[in-house]
Structures are given as C-alpha cells and as structure tokens.
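Positions are given from 1 along the sequence. Since the model is a prediction, treat every value here as computed from it, not as a measurement.
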Amino acid sequence: MRGTWVVIHAWGVIFGTMAVFVAFPNPLTYVLAVMVIGARQLGLAILMHDGAHGILTQNQKLNMFLSQWLCAYPMMAETGAYRRYHLKHHANTQQPEDPDLILSAPFPITRKSFKRKMVRDVTGQTGYQQRKAQILNALGKAEWPLEQRLRNYWEKLGRATLAQLAVFGVLAASGHWYLYFALWLVPFLTWHQAITRIRNIAEHAMVPDNNDPFGNARTTKANLLERALVAPYWVNYHVEHHLMMWIPCYNLPMARRFLVANGYGERIETKSGYREVIRMATSRPDTDDKPGSVIHNARRRRVSGVTSEGFEENQDAA
C-alpha cells in the first residue's frame, strides 16, 4: 500500500502544482512549478527504479503495472530494459564493467565546465538531444518501408507515446491542454535533466574507495528544500541502497539507522549536502578548463539509442 501511495503522491504533487499555477499565474509560480514538477518527474524515475528491483509493491503484477504505466512510460523509459541495464551497475559498481562508470569517471571537473553543462540542461539542450536521438532510433533507418519504421517505433516507444497522450488527454479534459507543454514537457526537458545530473554526480563521483561497498557510493544528506526540488523519495540514501537493494526507497532511512546502530556509521561515505558534493566535484582549477580527450562513446551510443533510461541499442537502426 505504501508503494502505491508514493506513486499516487508523485502524480498528486504534479497535478496539484499545475493547479496552483492556474490559480496564481505569474512568473514566480511558473518557475517554482517547473522545479517542483521536474523533481517529481525524477521521482517517477526513482519509483520506476524500485519497480525494476521488484520492491515497489509486494505483488509483482501490481509492481510492474505501477512501474511501467505510471512511472516508466510517462518518463519515456521501460522498466524491463532499465532492469537489465541497472543490475549490471549493481553487480559491477565502480568497476570497469560498470555501465554507469562513464557518469563518474570525468570528475573532478572545473567550475566552468560544470556551468556549461548546467546551462545546457536548464535551457533544454540536453533533454532535446536525448529525446531526438531516442525518437530517431525508434523510427529506424530512413530507407526502411514505412510499415517497418512504424512497427519499430511501436516496439520501442509505442507505450511511452500512449502515456504522453494520456497526460495530454487528462490536461485537455480539465480545460488546460497547454499545461502539457508548459508544465510537463518544459520541466521534463529542463529542471529534470539538471537535477538528474546532480544526482548522478552525488551518487558515485569521486567516491573514496571503488572496492569498498561502504565507499563506492555516496549518501548525501538532504534538507526539506533539497528533498522537494532535487532529491525526492529518499534517492539520496545511495550507499544504503547499494548495500541492501531489496529495501524500498521509503525504508532507506530506517536502513541507515540500522547500519549506524550496528556500528557501520563511520564507514558509510556521507556528505552533508549537495552543495558540498558539487564543490568537491568542481574542484579542478579553471586554468585546466580546456577540451579534453574523449574517454567514452556515450554521445555516439546515445545517438544510436542507448540512454540512461534503459532503452537498448537497435543494431539495425540509425
């Protein structure tokens, strides 16, 4: 019941925030709405993640329904594909075989580099390029017959597209169809991208010991504002999740208390807040700010359809 409730809570906050903006439309409420909704969209991805671990609800049919239709598909993702990708990360955390190693390997970076990345995120450039690559991959090669291209699109993004149409339909039925673009797509392409980057940095960048399960990930303490706008649904308890990945997100604070009570508190890699993490991750001098060598093929893989949301590469697609 609690797993079902957190999914309902995420959507309640999203639609409730839209309602507040409709009641009090002004630039301030709009910016706040983009941030709050973008954070809940990250929350949906977090709950999809729990569904991929099979821990969103005890009933596995309900677990997959909630994870797929109310969490993954609205975020243009797919639970099964994400699960296959993500479990490799758990099995090989911070090791050469870790598919997420490319997210933490470049750090520390310069402040200038971090600012450029954040500007691309909050202006929608990152989100646009990722969605463009995802859609092009789903459509397949231009020389394919139209029927084949549509079939390939349905297999990859058909259900995700239905979820987008459902969100649009709900908002249109309320008499506010424009909110789909103003307060669903805009947060998805901007603030959601920015805080996803911050979350990735906090979880594994510059961890103290790649071979220690207490030190190859990081837990970041989050205040109420950070929980509302950056780290929803206890995503900041990342060491605890890696140590006991069968524990649902809402019980991770309990898991930490358990570990501390049993004498493991000093071993858990912990930072006091996201500002501290960003200061550490951007500690490289700006004098070193220059184009570096490519250390991975993430951009090429992303263009061919591999994204952090878990969509697998189609070898036949462009």
With a 4.5 Å limit on heavy-atom distance, are the side chains of [X] and [Y] in contact?
X: I55; Y: I247; result: no
X: H53; Y: H241; result: yes
X: R267; Y: D212; result: yes
X: L229; Y: V36; result: yes
X: V235; Y: H49; result: no
X: H204; Y: N200; result: no
X: I37; Y: Q41; result: yes
X: Q134; Y: M76; result: yes

Is the number of heavy atoms from other residues, nucleotides or ligands within 6.0 Å of [atom1] ([X]) greater than 12?
X: R275; atom1: CZ; result: no
X: E143; atom1: CD; result: yes
X: R111; atom1: CZ; result: no

Let me check something: any side-chain donor-acceptor pairs from residues 169-189 under 3.5 Å, sequence neighbours excluded? List them with distances.
{"from": "S174", "atom 1": "OG", "to": "L171", "atom 2": "O", "distance (Å)": "2.6"}
{"from": "Y180", "atom 1": "OH", "to": "Q164", "atom 2": "OE1", "distance (Å)": "2.9"}
{"from": "W184", "atom 1": "NE1", "to": "Q164", "atom 2": "OE1", "distance (Å)": "3.1"}

Looking only at non-hydrogen atoms, find the nearest pair between [X] and [Y] and report the distance.
X: W234; Y: C249; answer: CB-O, 3.4 Å
X: A138; Y: K156; answer: CA-CD, 3.7 Å
X: A39; Y: V230; answer: CB-N, 4.4 Å
X: S67; Y: L56; answer: N-CD2, 4.1 Å
X: R84; Y: K88; answer: O-CG, 3.4 Å

ask   = Does a donor on one side chain sit under 3.5 Å from an acceptor on the other, for T220 and N236?
value = no

Does one hydrophobic cluster hold both [X] and [Y], with members joined at side-chain heavy-atom distances below 4.5 Å?
X: V31; Y: L225; result: yes
X: L224; Y: W191; result: no
X: M64; Y: L47; result: no
X: M254; Y: Y250; result: no
X: V6; Y: I195; result: yes

Between side-chain atoms of residues 277-285 and protein atoms elsewhere (two or more places apart, or another chain), which donor-acceptor pairs fall under 3.5 Å?
{"from": "T282", "atom 1": "OG1", "to": "I278", "atom 2": "O", "distance (Å)": "2.7"}
{"from": "S283", "atom 1": "OG", "to": "M280", "atom 2": "O", "distance (Å)": "2.8"}

message = I need the full list of salt bridge (Lys or Arg N to Asp or Glu O under 4.0 Å) pairs touching residues 34-61, with sequence neighbours left out, sorted by first then second residue.
response = none

request  = Name all pairs fulfilling the salt bridge (Lys or Arg N to Asp or Glu O under 4.0 Å) condition that reach into residues 225-250, sequence neighbours left out, sorted by first residue then second.
outcome  = E240-R256

Donor-acceptor under 3.5 Å ([X] side chain, [Y] main chain):
X: R83; Y: G51; result: yes
X: T57; Y: G3; result: no
X: T29; Y: N26; result: yes
X: D286; Y: T110; result: no
X: R120; Y: Q125; result: no

query = Ion pair present between R116 and D289, side-chain N to carboxylate O less than 4.0 angstrom?
reply = yes

Mind checking what makes salt bridge (Lys or Arg N to Asp or Glu O under 4.0 Å) contact with [X], not counting sequence neighbours?
X: E147; result: R151
X: R149; result: none
X: D209; result: none

ask   = Testing N210, N211, N216 for side chain to side chain donor-acceptor pair (under 3.5 Å) with Q95, which one passes?
value = N211

query = Transitive ILVMFWY cluster of F24 at side-chain heavy atoms under 4.5 Å: who else is in it?
reply = V20

request  = Could you work out the complete set of other residues in the hydrophobic cluster of V260, with links drawn between I, L, V, M, F, W and Y side chains under 4.5 Å apart?
outcome  = none

message = Show me the pairs that pass side-chain hydrogen bond (donor to acceptor under 3.5 Å, both in side chains) and involve residues 3-16, at least two apart or across chains.
response = H9-Y233

note = With sequence neighbours left out, the residues meeting ring-ring contact (aromatic ring centres under 6.0 Å, His included) with Y153 are none

Ignoring hydrogens and angles, write down the donor-acceptor pairs under 3.5 Å from the side chains of residues 98-105, residues two or more places apart or on other chains.
{"from": "D98", "atom 1": "OD1", "to": "H89", "atom 2": "ND1", "distance (Å)": "2.9"}
{"from": "D98", "atom 1": "OD1", "to": "D100", "atom 2": "N", "distance (Å)": "2.9"}
{"from": "D98", "atom 1": "OD2", "to": "H89", "atom 2": "ND1", "distance (Å)": "3.2"}
{"from": "D98", "atom 1": "OD2", "to": "Q94", "atom 2": "N", "distance (Å)": "2.9"}
{"from": "D100", "atom 1": "OD1", "to": "Y85", "atom 2": "OH", "distance (Å)": "2.3"}
{"from": "S104", "atom 1": "OG", "to": "Q94", "atom 2": "OE1", "distance (Å)": "3.2"}
{"from": "S104", "atom 1": "OG", "to": "L101", "atom 2": "O", "distance (Å)": "3.4"}

